[in-house]
*Asks:* 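Handing you this structure, nothing more for now.
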Amino acid sequence: MSRAEAEDLARQGVEALRRGDGAAARDCFNRIIAARPAGFPLPWLALAQAYRITAETAGETEALQAQLSEQPRNIAALLLMGDRKRLDGDDRAASNFYTAALNQAAVTRDVPASLHPLLRQAEAFKREASERFTAHVEAAITGAQAPRVARSLDLLLGRRELYLQQPSMFYFEGLPQRPFYSRHEFAWVAELEAATPAIRAELEAVAEGFAPYVEGNPDRPLPNNPLLGDPAWSALHLWRGGEVVEVNASRFPATMAALAKLPIPRITGRSPMALFSRLTPGTHIQPHHGLLNTRLICHLPIIAPSGCGLRVGADVHEWRAGELVIFDDSYEHEAWNRGTETRTVLLFEIWKPEIDESERTELTRLFETIDAYGPAMIDQG
């Protein structure tokens with residue numbers, strides 16, 4: 001079959017489709033496919049449409065499979081296959097094909113306008129199918145579940161978003177995915193919490209020393225943070241970059257004594273670090289990630305009014321004065337003060353307990369080597 005003959009048959013097939021004559025269109029397109037003329041694209045999609053008109057489900061499915069075998073990300077073929085599975089009553093298969101079509105459309109510069117109604121139909125079907133699936137699962141899985149099963153079920157049903165460690169500078173392999181750690185897991189916590197009244201007394205006696213938490217560095221691009229230079233989120237540093245800030249530390253002897261007993265990392269140029277973090281009413285620290293997943297950030301709430309919160313991953317925590325909060329800041333996290341009083345926490349870091357002593361030694365050497373090449377701006381959670 002010559003190309004001219006194939007083009008003529010294709011025109012006849014398209015005309016037959018327009019007048020609703022599926023059988024005539026099917027025969028035209030099948031003749032082209034059987035001949036496979038050199039350099040002529042095989043009309044699998046048009047053949048599938050013809051089979052839809054003649055209600056030949058198997059033929060329609062085979063034609064779409066053939067098109068997707070040649071072009072796995074063909075948006076039209078994915079949409080039509082999704083629609084075929086929808087009509088077949090296979091919600092899960094339809095959702096998979098519709099999802100693939102929507103994902104491909106999202107990264108395609110010019111999606112033909114003729115496909116827009118099918119894309120909207122795909123979105124609507126996915127919403128409805130999700131509701132049917134949720135109802136199906138909830139009808140079968142009743143009663144209380146174990147906490148991890150319940151959280152996993154929420155992920156499955158889209159009631160909870162999946163968050164994972166995403167440190168912006170260094171990722172250490174093999175650590176558990178835990179946004180928060182219990183204060184009861186660490187033997188030293190009780191003694192630190194008992195020092196809260198003494199720490200608060202020292203804090204209340206100090207009227208100066210706080211500076212904006214987010215600062216610029218003339219040797220680096222300014223951080224893209226709306227709180228840059230804003231005292232609404234401010235810090236008073238006791239340890240910074242591994243060095244005692246004498247002008248501040250001298251006013252906090254009880255606080256420094258309590259910090260001295262803690263398992264804070266010792267990394268030249270980086271740690272210890274310890275500071276008071278203050279957040280005024282109406283302030284929102286936007287979602288962000290910390291530099292490392294090798295550490296845990298600790299907040300000892302000294303002044304914790306109502307209306308203040310911390311989200312780490314999908315979990316939200318409200319500070320309570322004197323109760324230590326321990327979290328992994330390599331997860332996306334944010335904080336806010338929606339109350340009427342200023343919130344202040346004592347902030348410091350510790351090694352993750354899953355990292356053994358030999359690994360801590362190696363990581364310390366690695367971080368010091370990295371900083372020796374050129375110090376980075378130190379993120380503190």
Side-chain angles (χ1 to χ4, degrees), residues 178-206 209-210 213 233-246 248-267 270-279 285 290 292-306 308-310 312 315-331 333 335 337 341-357 360 364 378-381:
R178 295 183 61 189
F180 284 98
Y181 283 63
S182 170
R183 44 199 272 271
H184 302 298
E185 296 178 55
F186 303 90
W188 47 266
V189 168
E191 184 177 1
L192 174 64
E193 290 182 341
T196 302
I199 296 172
R200 177 164 183 160
E202 290 182 340
L203 179 66
E204 290 177 336
V206 171
F210 280 85
Y213 194 109
W233 183 21
S234 58
L236 187 151
H237 296 269
L238 303 175
W239 284 87
R240 190 172 196 181
E243 301 290 339
V244 174
V245 183
E246 292 289 356
N248 294 330
S250 61
R251 297 181 291 171
F252 290 88
T255 305
M256 294 299 291
L259 289 169
K261 299 176 182 179
L262 304 180
I264 296 176
R266 302 275 172 167
I267 304 172
R270 284 179 178 258
S271 190
M273 71 90 169
L275 57 100
F276 289 102
S277 171
R278 191 165 65 182
L279 204 63
I285 302 171
L292 316 165
N293 70 329
T294 55
R295 68 181 182 180
L296 297 173
I297 297 296
C298 301
H299 286 181
L300 179 65
I302 308 302
I303 301 173
S306 61
C308 298
L310 167 70
V312 182
D315 300 320
V316 176
H317 181 89
E318 291 187 7
W319 292 280
R320 288 180 289 276
E323 291 188 8
L324 194 69
V325 180
I326 306 170
F327 67 96
D328 179 349
D329 77 325
S330 70
Y331 286 88
H333 60 288
N337 183 343
E341 302 175 62
T342 296
R343 179 234 69 181
T344 305
V345 301
L346 176 64
L347 186 157
F348 59 93
E349 66 180 352
I350 60 172
W351 285 107
K352 279 191 175 174
E354 298 86 0
I355 301 176
D356 64 35
E357 288 298 331
R360 294 179 186 186
T364 296
I378 305 300
D379 173 87
Q380 296 167 334

*Asks:* State whether a side-chain donor-acceptor pair under 3.5 Å links S277 with W233.
*Replies:* yes

*Asks:* For the residue pair R251 and P253, what are the closest heavy atoms and their distance?
*Replies:* C-CD, 3.3 Å

*Asks:* Under the rule for side chain to side chain donor-acceptor pair (under 3.5 Å), what residues qualify as partners of E243, not counting sequence neighbours?
*Replies:* none

*Asks:* Can you find a heavy atom in the side chain of L324 that is under 4.5 Å from one in the side chain of W188?
*Replies:* yes

*Asks:* Does some side-chain heavy atom of L262 sit less than 4.5 Å from a side-chain heavy atom of F186?
*Replies:* no

*Asks:* Side-chain contact test, heavy atoms from C-beta onward, threshold under 4.5 Å: evaluate it for K352 versus L296 and give yes or no.
*Replies:* yes

*Asks:* Ignoring hydrogens and geometry, is there a side-chain-to-backbone donor-acceptor pair from D329 to I297 under 3.5 Å?
*Replies:* no

*Asks:* Quick one: list whatever passes side chain to side chain donor-acceptor pair (under 3.5 Å) with T344, sequence neighbours left out.
*Replies:* none

*Asks:* Of N248, L203, L275, which meets side chain to side chain contact (heavy atoms under 4.5 Å, CB included) against L236?
*Replies:* N248

*Asks:* Sort out for me which residue in R295, R266, E349 forms a side-chain hydrogen bond (donor to acceptor under 3.5 Å, both in side chains) with S271.
*Replies:* E349

*Asks:* Picking from F348, F327, F180, Y181, what satisfies ring-ring contact (aromatic ring centres under 6.0 Å, His included) with H299?
*Replies:* F327

*Asks:* For the atom pair CD1 (I326) and NE2 (H317), what is the distance rounded to the nearest 0.5 Å?
*Replies:* 10.0 Å

*Asks:* Which atom pair, heavy atoms only, marks the closest approach of M256 to L238?
*Replies:* SD-CB, 3.8 Å

*Asks:* Can you give me the closest heavy-atom contact between I302 and L346, atom names plus distance?
*Replies:* CG1-N, 4.0 Å

*Asks:* Taking all non-hydrogen atoms of both residues into account, name the closest pair between L292 and S330 and its distance.
*Replies:* O-CB, 3.4 Å

*Asks:* Do the side chains of I285 and Y213 get nearer than 4.5 Å, heavy atoms only?
*Replies:* no

*Asks:* Without swapping roles, check the side chain of H333 against the backbone of Y331 for a donor-acceptor pair under 3.5 Å.
*Replies:* yes

*Asks:* Any sub-3.5 Å donor-acceptor pair from R360's side-chain atoms to I355's backbone N or O?
*Replies:* yes

*Asks:* Judged by atom type as modelled, is there a donor-acceptor pair below 3.5 Å linking the side chain of E323 to the main-chain atoms of P301?
*Replies:* no

*Asks:* Sequence neighbours left out, what passes side chain to side chain donor-acceptor pair (under 3.5 Å) with E204? Give chain and number order.
*Replies:* R200

*Asks:* Flag the pair L300 / T196 as yes when at least one side-chain heavy-atom distance between them is below 4.5 Å, and no otherwise.
*Replies:* yes

*Asks:* Locate the shortest heavy-atom distance separating D328 from N293; write the atom from each residue and the value.
*Replies:* OD1-CA, 4.4 Å

*Asks:* So, for P265 and I350, which heavy atoms are closest and what is the spacing to 0.1 Å?
*Replies:* CD-CA, 3.8 Å

*Asks:* Say you draw a straight line from CZ of R278 to CG of L347; how long is it, rounded to the nearest 0.5 Å?
*Replies:* 14.5 Å

